[in-house]
Structure formats: structure tokens, C-alpha cells
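One structure is given below, encoded as C-alpha cells.
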Amino acid sequence: MADLEKKAKEAFIDDHFELAVDLYTQAIALNPTNPDLLADRAQANIKLNSLTEAVADASKAIELDPSMAKAYLRKGIACMKLEEYQTAKAALEAGASLATEESRFANLIKECDERIAEETGETKKQAVEAPVNTLSLKEEPEDISCQAPMVTLSKSKYRHEFYQKPEEVVVTIFAKGIPDSSVTVDFGEQILSVGINVPGEDAYHFQTRLFGKIIPDKCKFNVLTTKVEIRLPKAEPGLHWASLEYKKEIAVVKRIPVSSEIAQRPTYPSSKPKGVDWDKLEAEVKKEEKEEKLDGDAALNKFFREIYQDADEDTRRAMQKSFVESNGTVLSTNWKEVGTKKVEGSPPDGMEMRKWEY
């Protein structure tokens, strides 16, 4: 185990972070209660931008050794990168109380306060975009959106599902006969972490970055005979969660109330093209067609179209039958006259318009 830990540290120093995580994982498998290994793997996971894994490792290290300042520091850094500033601040304040000489805690706590103030509107009346997350530590900025949204640090021993109401999300983990003392649940602003440790069985851990933000202080869970039920009040009631886990490709559309001042804002001349009222345009065209003055055959055809358009069914049938049977030389509107016999054609000097009656 000592040899694995040494190689892991060397890999980390050489910036081979994936190898370092793999070696730390092997060492942890041999000694799962060593908090130093977990805290060091958390640091490597931060470098890989595997932030939810880093939070899980740091949280486990703190659980095993509540006096380990570096575990609080790494949890705080990972939570800041996840924009979980309240959770990060709590971890950093706990670590600062253990390492009063370490200035990084104070710097990061100050940065958390600034970010929290921006989110709550104390320094900005309106937040148009999420603030850029820059750590005071000497670390390169990383894109948190590319991380895997869900972390399962052990095999999925238990099945889980969720449903939601306008004001809360309910997560159910189906685990039968689990003692209350074997279940631990931690809540962050947008993180849910569940651990089930039954003596003599493999530990189960489920941690995910949630689709939306929650209110950690109001979250609660119950261990029942067949399941663990977790209730997560939404920070934005009424917002529909498309999934339990955060996914980059799913855009969250926030409802922005429109004030009466904006709704009643006066309009000003614009160079932008205006929309076309097609109904009005069609009515104008029809009016022009109706009022259009035509001569000769054009006027006659227009007259016939108007008769046909306004005629009843029998009149239309009479017009169609007479026109077709006479080869276009007779147009009758009297179905009683043409309905029972064939319509003979008129001389080719013009079309005959026979007297019609309804």
C-alpha cells in the first residue's frame, strides 16, 4: 500500500492525474479507512475536473478524520468550482478553524462571500450571467460543464428513482431493511450525496450534481423498511426538472416576470421591417379584383366566375353539365332544364347564356 501511495504522489507531481487517481484508488481498496488517501485522491480529481468525485472523497476523509484541514480545503475548492458557494464556505470555515495560519482559507472564504453576494443581489441588482469562477489558488481555470453529471463510487447495489412536485423533488432509494445508523445523507446547494454502510457488506455511495438548486437547510430524509426517501425543496418553486442529474445539453429556461413598466413601454420608429397582415392584404386584393373593370371575354369570364361562386349546388351542377356537353358553347343555370337531357352545342359564333331560374 505504501508503494502505491508513493507512486500516486509521484504521478501527481508529474501532472499524470489520471494515473494518480488510479493508483490512489488501488491503495484505498487495500486501506479504505485511510483519510489521507481519500483527501489526496480528491486533489487529483479536482485537477481532472471530476468535481463531484472530489467532493465525495473529501467528505469521506472528513468523516474519517474531522480534524484534517486539507480535506476541508479540497472540499471547499471543489464546491466553489461547482458554484456551491454556501457549501464551500461552510467547509472552508471549518478548515480555517483547524489551520489558523493557512491564509488560503481566508482568501477563499472572502471570494465565497463575494459570489454569494452576487447571487443574492447585494452587490448586483440583477445577475444577467453566472459569475466567472476564479480560485485564489494557483490553479488553471477549468470548464465545469464538461464533467460527468452523476457519480456512483460503488456498484449500483440499490435502485433509485425520483418524482417531483412544483415545490420539491422526492428521491427514493430502494434498500430493504437498512438500519438508520447505516445511512448518511449530505445536502449541498446543488449536490446530493447518499452513503449506505452496512457491516459486512460493500459500501454504497451515490452522489450527483442535481438538475437545479435546492434549499439544504429544509432537506430531510426518512429511512423506511423498504426504502430511503429523500425530500429536496426546490430553490426555484415551479421550475420543472427535466432529470434528476444535471446535464449540459438540457437548457434550463427560467421564467422572468415582465413588469408593467416594460409591458407599457412606448414604441418608437424603427428601421426593422414590420410584420405583414396577410388577412388584410387578401381582403384588399379581393376588393381590387371585384372593382376591376374588364372588357370583352375577360369581363364575361369574370361575370361567370361570380355567378358560380355565389350559386347553390343545383346551379353549379347545371353550369358544369351544360358547359361540358356543349363543348363550351352553352352555359345554363337551370338544373331542371338541363338535368334530364343532353345539352346540344350552339353555333360557333359565341357562347349562349340561357335564361336561368332558381
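Hydrogens, waters and symmetry mates are skipped; everything else that's a heavy atom, side chains included, is used.
By the 30° and 60° cut-offs, the orientation of the rings of Phe211 relative to Trp241 is tilted.
The line from NZ of Lys75 to NZ of Lys60 is 13.0 Å long, rounded to the nearest 0.5 Å. How far OH of Tyr246 is from CD1 of Ile191: 13.0 Å, rounded to the nearest 0.5 Å. For the atom pair Cys112 SG and Glu83 CD, the distance stands at 11.5 Å (nearest 0.5 Å). A distance of 10.0 Å separates CG of Asp57 from CG of Leu37, quoted to the nearest 0.5 Å. Separating the CG atom in Leu38 from the CZ atom in Arg74 is a distance of 11.5 Å, to the nearest 0.5 Å.
By the ring-ring contact (aromatic ring centres under 6.0 Å, His included) test, Phe17 is found to be paired with Phe12, residues two or more places apart in sequence or in another chain being considered. Scored by the salt bridge (charged side-chain N to carboxylate O under 4.0 Å, His left out) test, Glu167 finds no partners at all (sequence neighbours excluded). Looking at residues two or more places apart in sequence or on another chain, you find a salt bridge (charged side-chain N to carboxylate O under 4.0 Å, His left out) between Glu102 and Arg104. Taking Asn222 as the reference, Leu224 meet the side chain to side chain contact (heavy atoms under 4.5 Å, CB included) condition, with sequence neighbours excluded. Residues passing the side-chain hydrogen bond (donor to acceptor under 3.5 Å, both in side chains) test with Ser67 are Asp65, sequence neighbours excluded. Shown here are the side chain to side chain contact (heavy atoms under 4.5 Å, CB included) partners of Lys213, two or more places apart in sequence or in another chain: Glu119, Glu189, Gln190, Ala235. In terms of the salt bridge (charged side-chain N to carboxylate O under 4.0 Å, His left out) criterion, residue partners of Arg317 (sequence neighbours excluded) are, by chain and number, Asp314. Residues forming a side chain to side chain contact (heavy atoms under 4.5 Å, CB included) with Gln320 (at least two apart in sequence, or on another chain): Tyr308. Take Glu93 and apply the side chain to side chain contact (heavy atoms under 4.5 Å, CB included) test, not counting sequence neighbours, and it matches Lys89, Ile109. With sequence neighbours left out, Lys70 forms a salt bridge (charged side-chain N to carboxylate O under 4.0 Å, His left out) with Asp36, Asp40.
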- Message: Would Val185 and Ser193 count as a side chain to side chain contact (heavy atoms under 4.5 Å, CB included) here? Give the steps.
- Response: CA-CA 6 Å; Val185 182; Ser193 178; over 6 Å; no
- Which is it for Leu48 and Ile46 under the side chain to side chain contact (heavy atoms under 4.5 Å, CB included) test, yes or no, and what are the steps along the way? CA-CA 5 Å; Leu48 289 173; Ile46 290 172; over 6 Å; no
- Task: Decide side chain to side chain contact (heavy atoms under 4.5 Å, CB included) for Glu168 and Leu232; before the verdict, give the C-alpha distance in whole Å, the side-chain angles of both, and the deciding distance to 0.1 Å.
- Result: CA-CA 5 Å; Glu168 72 173 353; Leu232 310 172; over 6 Å; no
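Nearest heavy-atom pair across Ala44 and Val21 is CB-CG2, 3.6 Å.
Side-chain atoms of Lys234 come within 3.5 Å of backbone atoms of Lys165 as a donor-acceptor pair (strictly under, hydrogens ignored). Between the Ser97 side chain and the Ala94 main chain, a donor and an acceptor come within less than 3.5 Å of each other. Proximity of a side-chain donor or acceptor of Thr208 to a complementary backbone N or O of Leu210 within less than 3.5 Å is not detected. Although no hydrogens or angles enter the test, the distance criterion places a donor-acceptor pair under 3.5 Å between the side chain of Gln207 and the main chain of Thr52.
One hydrophobic cluster, built from ILVMFWY side chains closer than 4.5 Å, holds both Met80 and Phe105. Residue Leu92 is not grouped with residue Met68 when hydrophobic side chains (ILVMFWY) are merged at heavy-atom distances under 4.5 angstrom, including chains of intermediate members.
Every pair passing side chain to side chain donor-acceptor pair (under 3.5 Å) that includes a residue from residues 14-26 is listed here, sequence neighbours excluded: Asp22-Gln26, Thr25-Arg41.
Considering Thr87, Ile230, Asp217 in turn, Ile230 is the only one that fulfils the side-chain contact (heavy atoms from CB on, under 4.5 Å) rule with Phe187. Between Leu4 and the options Leu30, Ile28, Asn31, a side-chain contact (heavy atoms from CB on, under 4.5 Å) holds for only Leu30.
In this structure, Ile62 and Leu64 have side chains that are not in contact, with every pair of non-hydrogen atoms separated by 4.5 Å or more. For the pair Arg316/Asp312, no side-chain contact is recorded, criterion being any heavy-atom separation below 4.5 Å from C-beta on. Between Ile214 and Cys219, some side-chain heavy-atom pair lies under the 4.5 Å cut-off. The closest side-chain heavy-atom distance from Leu108 to Ile77 is below 4.5 Å. At a threshold of 4.5 Å between non-hydrogen side-chain atoms, the residues Arg231 and Glu229 count as touching. Residues Asn45 and Leu51 fail the side-chain proximity criterion, which asks for heavy atoms closer than 4.5 Å. Considering only heavy atoms from C-beta on, Val198 comes within 4.5 Å of Ile196 through its side chain. Considering only heavy atoms from C-beta on, Val55 comes within 4.5 Å of Cys79 through its side chain.
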Please table the atom pairs, donor to acceptor, closer than 3.5 Å between any side-chain atom in residues 169-183 and protein atoms at least two apart or in another chain.
residue : atom : partner : partner atom : Å
Ser182  : OG   : Asn197  : O            : 3.2

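Contact check on Glu5 versus Lys7 returns no salt bridge, with no Lys/Arg side-chain nitrogen under 4.0 Å from an Asp/Glu carboxylate oxygen.
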